[in-house]
Amino acid sequence: MNCKKIKKLIQLYIDQEIDSEKTQVLKEHLKTCASCQREVNTLVSLKKLISSQEKITTSQDFIAKVIEKIRKQEILKMNLEGAAKRLIPLPLALGLVTFIYLGSLQIRKENFLEEYLLSALDEREVSLFIDREIYEELF
Amino acid sequence: MVGRKDKEILTLIAEDKEYGFKMLVEKYQVQVINLAYSLSRDSSLAEDIAQEVFLKIFKKIDSFQRKSSLSTWIYRITLNMSYQFLRKRKFSLFSPKKYSFSPEDTQEKKEIINIGLSRLPLKYRIVIILKDLQGLSYKEIARILNCSMGTVESRLFRARILLKKILTPLIKEGL
Ligand SMILES: [Zn+2]
């Protein structure tokens, strides 16, 4: 096997995604190839440094804070629904909803343009833009 | 992963939403905040993102279809939320900073890796973070990103080549 193919096996090896057959092939190759040995060393140390990046923890009252936020939003929602039922007649409410919806479409359109222009400036921004489609299907 | 099994958590949520939800937060908070942190490199922002993630989970959990596993779903929401927060701050991402290093000790090396990662296009950064920082398998990453394992493999391969290219001028003496 040539070095190019071996490089893929090296990745599988350091990611612990390699099977025993391929491990054997890799081991045999490494016995005689200094360049691929160096590649293993580089990738292993790279991986080690990445995985030893600083880890953080949530604040002590994290769960309490989240629950509090949920309560606030639920109360707000209940109040709004109640107020809407009491105060706004149905045709007016429908009109209001449509108005708000159209308004938000307009805002989205503006954001879209802004994003597009910004994304053209920097490779990282372009990739942010593309990746969005992958994640957005969720919402 | 610590704590209860996902299945058990989902059952608990169906019985007593708030109690089950607390179990869910307990189990996943460290993963969520660290994923947000590795993308934002800002610990207080990561905490804000994590809070919004769990808020969203609480709202959406009733309609969770179980098409994916709970952890896949949570990872996806976290990536999305981090992305939304980072977009708001995109101007700060532009500011070019100058760094000068003599990469002698490990701390500085880690710092350089950080900079290297931050310069990696997001789609490559994400696979590195999910693999090397979160320690997920190709299979799990493929599920989260909704792509094939082959794509994960080739994207990681490309990511590491790019990262090495970015790091080479930063670390003259080699890793
Ligand atoms: Zn070789």
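Letters A, B, ... mirror the listed sequences (proteins, then strands); counts begin at 1. Only a predicted model underlies this, so the values are computations on that prediction, with no experimental measurement involved.
- Contact check on B:E52 versus A:K69 returns a salt bridge, with a Lys/Arg side-chain nitrogen under 4.0 Å from an Asp/Glu carboxylate oxygen.
- Side-chain contact between B:D132 and A:D15 is present, with heavy atoms from C-beta onward closer than 4.5 Å.
- Taking hydrophobic clusters as Ile, Leu, Val, Met, Phe, Trp and Tyr residues chained together by side-chain heavy-atom distances below 4.5 Å, B:M81 shares a cluster with B:F64.
- B:S137 touches chain A through backbone and side chain together, each having a heavy atom under 4.5 Å away.
- The local environment of NZ in B:K17 is crowded, with over 12 non-hydrogen atoms from other residues, nucleotides or ligands closer than 6.0 Å.
- Listed for the A:K55 side chain is no donor-acceptor partner under 3.5 Å among the backbone atoms of B:N34.
- Of the residues considered (B:K139, B:K59, B:E18), B:E18 shows the highest number of contacts with chain A, using heavy-atom pairs under 4.5 Å.
- When heavy atoms are compared at a cutoff of 4.5 Å, B:F58 approaches chain A solely by way of its side chain, counted from C-beta outward.
- Contact annotation: the side chain of B:L133 approaches that of A:I50 to within less than 4.5 Å [non-hydrogen atoms, C-beta and beyond].
- Ranking A:I56, A:I63, A:I10 against chain B, the residue ahead of the rest is A:I56, based on heavy-atom pairs under 4.5 Å.
- Both A:L43 and A:V25 are part of a single hydrophobic cluster, where members link through side-chain heavy atoms under 4.5 Å apart.
- Of the atoms belonging to A:T57, it is backbone heavy atoms, and not side-chain ones, that fall under 4.5 Å from chain B.
- For B:L163, the part sitting under 4.5 Å from any heavy atom of chain A is the side chain, from C-beta outward, and nothing else.
- Figure legend: cation-pi geometry between A:K8 and B:F157, with NZ or CZ positioned under 6.0 Å from the six-membered ring centre and within 45° of its axis.
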**Asked** After noting the C-alpha distance and the side-chain angles of A:E39 and B:K164, does the key distance pass the salt bridge (charged side-chain N to carboxylate O under 4.0 Å, His left out) rule?
**Response** CA-CA 11 Å; A:E39 179 74 3; B:K164 279 193 281 178; 2.9 Å; yes

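- For A:Q73, the part lying under 4.5 angstrom from a heavy atom of chain B is the side chain only.
- Using a 4.5 Å heavy-atom cutoff, the side chains of A:S59 and B:E47 are in contact.
- For B:Q134, no part sits under 4.5 Å from any heavy atom of chain A, backbone or side chain.
- Applying the 6.0 Å contact sphere to NZ of A:K65 captures more than 12 heavy atoms from other residues, nucleotides or ligands.
- Most heavy-atom pairs under 4.5 Å with chain A: of the set B:F21, B:Y138, B:F54, this distinction falls to B:Y138.
- Criterion: ILVMFWY side-chain heavy atoms under 4.5 Å apart, direct or through other members. Under it, A:I70 and B:Y19 are part of a common hydrophobic cluster.
- No single ILVMFWY cluster, assembled from side-chain heavy atoms under 4.5 Å apart, contains both B:I33 and A:V66.
- Only the side chain of A:R71 comes within contact range of chain B, with heavy atoms under 4.5 Å apart.
- By the 4.5 Å heavy-atom criterion applied to side chains, B:R160 and A:K47 are counted as neighbours.
- Atom-to-atom distance recorded for A:E54:CD and B:E111:CD is 9.5 Å, nearest 0.5 angstrom.
- Contact count against chain A (heavy-atom pairs under 4.5 Å) is highest for B:L55 among B:L117, B:V30, B:L55.
- You'll find the side chain of B:Q51 stays beyond 4.5 Å of the side chain of A:T58, heavy atoms only.
- A 4.5 Å side-chain heavy-atom check between B:V25 and A:I67 finds every atom pair outside the cut-off.
- Side-chain contact between B:K131 and A:E17 is present, with heavy atoms from C-beta onward closer than 4.5 Å.
- No continuous path of ILVMFWY side-chain contacts below 4.5 Å connects B:Y37 to B:I74, so the two sit in separate hydrophobic clusters.
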